[in-house]
Amino acid sequence: MKVRVRFAPSPTGFLHIGGARTALFNWLYARHTGGAFILRIEDTDTARNTGPAVEVILNGLRWLGLDWDEGPLTSDPAGPSKGERGPYFQSQRRAIYQRHVERLLARGLAYEDDGAIKFRMTREPVEIEDLIVGRVRRELTDREAQDPDFILVRSDGQPVFHLVNVVDDLEMGITHVIRGEDHLSNTAKHLALFRALGAEPPRYAHIPLILNPDGSKMSKRDVGASLTTYMEEAYLPEALVNYLVLLGWSPKEDRELFTVAELIERFDLSRVQRHNARFDLTKLQWMNGEYLRALPPERFDALALQTLRRAGLDPDRFPPAYVRAALDTCRGKLRTLTELPAYGGFYFTGVTGYDAGAAAKHFTPENRPRLQRLRDALTRVESFDAAALEACLKTTAAELGVKPAVLVHPVRLACTGRSSGPSLYHLMEVLGRKETLARLDAALQTIPASAGSPASP
RNA sequence: GACCCUAUGGUCUAGUGGUUAGGACACCACCCUUUCACGGUGGUAGCCCGGGUUCGAAUCCCGGUAGGGUCGCCA
């Protein structure tokens with residue numbers, strides 16, 4: 001039988017990072033088995049659900065690269081979809097739910113109570129055979145022992161989650177329900193409902209949850225809980241996917257970096273972890289850096305440009321060749337794109353100030369004549385390229401009887417305002433002779449001529 | 001409160017009765033080096049606790065502890 005799995009989020013305007021991972025596991029399982037990945041929108045809570053909220057889900061999945069074989073094509077519940085088992089918005093499936101409720105009613109498996117319809121739940125413990133957790137025997141809680149029946153349809157006629165979830169899984173021919181472990185206890189209800197509907201339930205696979213770094217539950221409010229955050233902060237989707245899949249699953253090998261194709265080939269439910277995992281942003285950043293470094297230059301440049309513009313810089317004022325050369329010196333040195341404006345912004349803004357600590361250390365009276373000497377030497381360099389610049393700086397240092405580093409640090413500070421950054425010689429080459437000299441002159445202005453007294457203008 | 005799940009360094013994990021307990025991130029040191037990254041080498045650090053079973057337990061069983069989940073006319 002062909003595998004059919006689904007991701008069934010409710011549109012709240014928010015896609016939880018844990019939800020994204022649930023979608024990923026479902027998608028990988030479908031692709032690994034050659035099955036179908038179905039997207040279903042659980043919008044029964046009509047008051048809260050809006051088009052933009054659905055858009056958040058669709059955009060998030062698309063950004064991650066998780067394409068669905070069946071499901072909505074747009075955020076419009078009445079709009080087009082693909083697949084034979086639609087509609088894929090629960091708000092459009094009222095008649096289907098009603099049909100099943102009436103059957104339950106007719107057979108005495110459900111009954112009316114205060115205008116709502118309740119399900120006659122079994123009083124016996126329920127055995128759950130979970131693909132990940134194993135066999136679970138779920139007994140009634142003390143509250144349930146008093147009244148185990150639960151609502152299927154509210155008194156206002158709205159069907160409830162347990163009902164719609166089960167009916168849809170049944171109607172859509174879902175074979176494997178891969179979902180968060182927070183649903184494990186609910187599974188008893190779902191199993192009982194499947195039986196009452198006279199249907200064979202799907203296989204269940206409950207995956208562990210993602211926790212905050214401190215081990216607490218990751219809820220909407222926690223930073224990093226929303227997929228949108230990573231999209232906005234320009235993380236690479238392939239890096240996030242790689243990081244997320246390793247949170248609760250591991251391949252056999254001692255490897256951590258995998259292409260999506262390799263993940264599809266390796267993914268299986270049997271190696272899914274049984275315990276929750278904490279989200280470690282530092283490791284995600286490391287992984288993002290790995291992917292950033294491996295990016296083709298054209299794609300890096302495109303993303304870098306976006307990031308610069310978003311940071312309020314205006315790289316488009318500069319000649320394309322200059323921009324390309326500038327970004328070339330930054331590629332491979334960043335963990336995240338958001339570091340770029342601080343790292344290479346000096347190419348596009350000029351030097352707006354000097355790092356105070358570094359200035360105190362390197363813009364000293366005794367360095368002043370040295371810098372002046374280097375400045376003069378730079379006017380005589382024939383070809384203003386990295387190799388020639390390195391030679392020039394080293395020769396000058398030798399003539400002065402100091403180590404190259406004595407010049408390197410103040411020159412870097414003068415050119416960039418900071419104590420670290422791209423390769424100094426390459427950065428000067430990109431800046432060009434005129435700009436480099438201008439920046440050196442500007443720096444010389446601020447350096448005191450002798451100890452204690454500021455430079456005269 | 002009841003019910004359910006889980007437990008290997010700070011974090012993610014490999015491990016399914018016999019291993020000097022492996023890898024990755026982070027951290028520290030050194031090397032490389034024009035800074036910072038990258039890369040390389042080395043290092044600190046772990047089987048939650050207590051009982052069993054066994055010649056032998058990280059691994060199996062029981063109890064405890066801790067963390068997480070569920071018990072809605074939310075999903």
Side-chain angles (χ1 to χ4, degrees), chain A residues 8-12 19 42-45 48-49 90 113-118 125-126 128 130 132-134 136-148 150-162 164-165 180-189 206 208-209 211 213-217 243 246-257 271 273-287 289-290 293 330 332-335 339 343 358 386 389-390 393-394 397 403-405 407-409 411-413 416 418-428:
Chain A
S10 86
T12 58
E42 306 222 331
D43 59 343
T44 52
D45 191 356
R48 254 191 316 174
N49 301 320
Q90 290 183 333
D113 181 44
D114 281 336
I117 296 170
K118 294 182 82 172
V126 176
I128 303 165
D130 191 275
I132 292 165
V133 186
V136 176
R137 182 185 161 89
R138 166 64 155 76
E139 315 245 2
L140 298 186
T141 66
D142 55 1
R143 282 189 65 150
E144 290 167 337
Q146 288 172 32
D147 177 19
F150 58 92
I151 306 272
L152 295 177
V153 182
R154 287 180 268 250
S155 48
D156 66 0
Q158 281 286 339
V160 160
F161 165 73
H162 299 300
V164 298
N165 194 267
E181 198 210 82
D182 49 343
H183 286 298
L184 183 55
S185 293
N186 288 152
T187 305
K189 290 187 173 75
H206 287 92
L209 305 179
L211 270 25
D214 69 358
S216 61
K217 183 188 181 180
Y243 176 71
L246 259 23
L247 226 45
W249 174 83
S250 76
K252 290 196 186 79
E253 311 109 288
D254 266 355
R255 268 179 70 193
E256 306 240 293
L257 268 14
R271 293 186 68 84
Q273 214 66 243
R274 264 154 283 255
H275 60 266
N276 297 342
R278 303 182 189 207
F279 195 88
D280 182 5
L281 187 61
T282 307
K283 184 151 185 180
L284 202 213
Q285 288 175 336
W286 163 77
M287 198 169 270
E290 293 291 311
R293 232 164 269 126
C330 300
K333 312 262 281 186
L334 310 168
R335 289 191 310 171
E339 294 167 359
Y343 190 81
L389 292 167
E390 178 169 5
L393 185 141
K394 286 186 170 164
K403 289 191 287 193
L407 291 175
V408 164
H409 293 289
V411 173
R412 170 183 301 285
L413 190 58
T416 72
R418 298 166 58 95
S419 55
S420 70
S423 160
L424 178 63
Y425 309 122
H426 291 87
L427 128 208
M428 289 195 291

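Just so it is clear, the values below take in all heavy atoms, side chains as well, and ignore hydrogens, waters and symmetry mates. Given the structure is predicted, the values throughout are model-derived calculations rather than measurements. We name chains A, B, ... by the order of the sequence lines, and we start the count at 1 in each one.
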Spacing between [X] atom [atom1] and [N] atom [atom2], to the nearest angstrom:
X	N	atom1	atom2	answer
A:L407	B:U35	CG	C1'	14 Å
A:L209	B:C5	CG	P	15 Å
A:Y343	B:C38	OH	P	11 Å
A:I132	B:C4	CD1	C1'	16 Å
A:D182	B:G67	CG	C1'	16 Å
A:L427	B:C36	CG	C1'	12 Å
A:R274	B:U59	CZ	P	15 Å
A:L152	B:C74	CG	C1'	15 Å

Side chain of [X] only, heavy atoms from C-beta on: which candidate in [options] is closest?
X	options	result
A:S10	B:C38, B:C73, B:A75	B:A75
A:L211	B:G68, B:G69, B:U34	B:G68
A:D142	B:G68, B:C73, B:G1	B:G1
A:R138	B:C3, B:G1, B:A75	B:C3
A:T282	B:A75, B:C25, B:U34	B:C25
A:I151	B:C4, B:U70, B:G72	B:G72
A:E139	B:C38, B:C4, B:U70	B:C4

Counting Watson-Crick and G-U wobble pairs only, both distances under 3.5 Å, name the nucleotide matched with [N], or none.
N	result
B:A66	B:U6
B:G42	B:C28
B:C74	none
B:A58	none
B:C47	none
B:U16	none

Is any side-chain N or O of [X] under 3.5 Å from a base N or O of [N], one able to act as donor and the other as acceptor?
X	N	answer
A:S423	B:U34	yes
A:K333	B:U35	yes
A:S185	B:C3	no

Could you measure between the two [atom1] atoms, the one in [N] and the one in [M], and give it in whole Å?
N	M	atom1	value
B:U70	B:U19	P	41 Å
B:U6	B:C60	P	11 Å
B:G42	B:C5	P	44 Å
B:C30	B:A37	P	14 Å
B:G39	B:C25	P	8 Å
B:G63	B:A29	C1'	45 Å
B:U11	B:G68	P	14 Å
B:G22	B:G15	C1'	8 Å

Side-chain heavy-atom pair [X], [Y] within 4.5 angstrom cut-off:
X	Y	value
A:V160	A:V153	no
A:P251	A:W249	yes
A:R138	A:P125	no

Q: Report the distance from atom CZ of A:R418 to atom CG of A:L413, rounding to the nearest 0.5 Å.
A: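 Between A:R418 CZ and A:L413 CG, I get 10.5 Å after rounding to 0.5 Å.
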
Applying a 4.0 Å non-hydrogen cut-off, can you work out what [X] is touching in the nucleic acid: base, sugar-phosphate, or nothing?
X	answer
A:R418	nothing
A:L140	sugar-phosphate
A:Q90	nothing
A:H409	sugar-phosphate
A:R255	nothing
A:G421	base
A:N165	nothing

**Q.** Pair A:D182 + A:K217, salt bridge at N-O below 4.0 Å
**A.**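 No salt bridge links A:D182 with A:K217.
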
(Q) Tell me whether A:N276 contacts the main-chain N or O of A:P208 through its side chain, where contact means a donor paired with an acceptor under 3.5 Å. (A)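 Checking the backbone N and O of A:P208 against the side chain of A:N276, no donor-acceptor pair under 3.5 Å is found.
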
Q. If every non-hydrogen atom of A:E256 is compared with every non-hydrogen atom of A:M287, which pair is closest and at what distance?
A.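 Answer, listing the atom of A:E256 first, then A:M287: O-CE, 3.8 Å.
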
Q | Nearest heavy-atom neighbours spanning A:H206 and A:V133 | A |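 So the two residues come closest at O-CG2, 4.0 Å.
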
Q: Compare side-chain N and O positions of A:T44 against OP1 and OP2 of B:A75 and report whether any pair is under 4.0 Å apart.
A: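 It does, given that an N or O in the side chain of A:T44 lies less than 4.0 Å from OP1 or OP2 of B:A75.
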
Q) Quick one: what's the B/S/- string for nucleotides 9-15 of chain B, heavy-atom cutoff under 4.0 Å, read 5' to 3'? A) --SBSSS

Q: Give the intermediate values and the outcome of salt bridge (Lys or Arg N to Asp or Glu O under 4.0 Å) for residues A:D130 and A:R274.
A: CA-CA 11 Å; A:D130 191 275; A:R274 264 154 283 255; over 6 Å; no

Q. With a distance cut-off below 6.0 Å to the six-membered ring centre and an angular limit of 45° from the axis, does A:K118 pair with A:F150 as a cation-pi contact?
A.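 Because its charged atom misses either the 6.0 Å distance or the 45° angle limit, A:K118 does not stack over A:F150.
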
Q) Is the A:F279 to A:Y243 ring centre distance short of 6.0 Å? A)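 They qualify: ring centres under 6.0 Å apart.
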
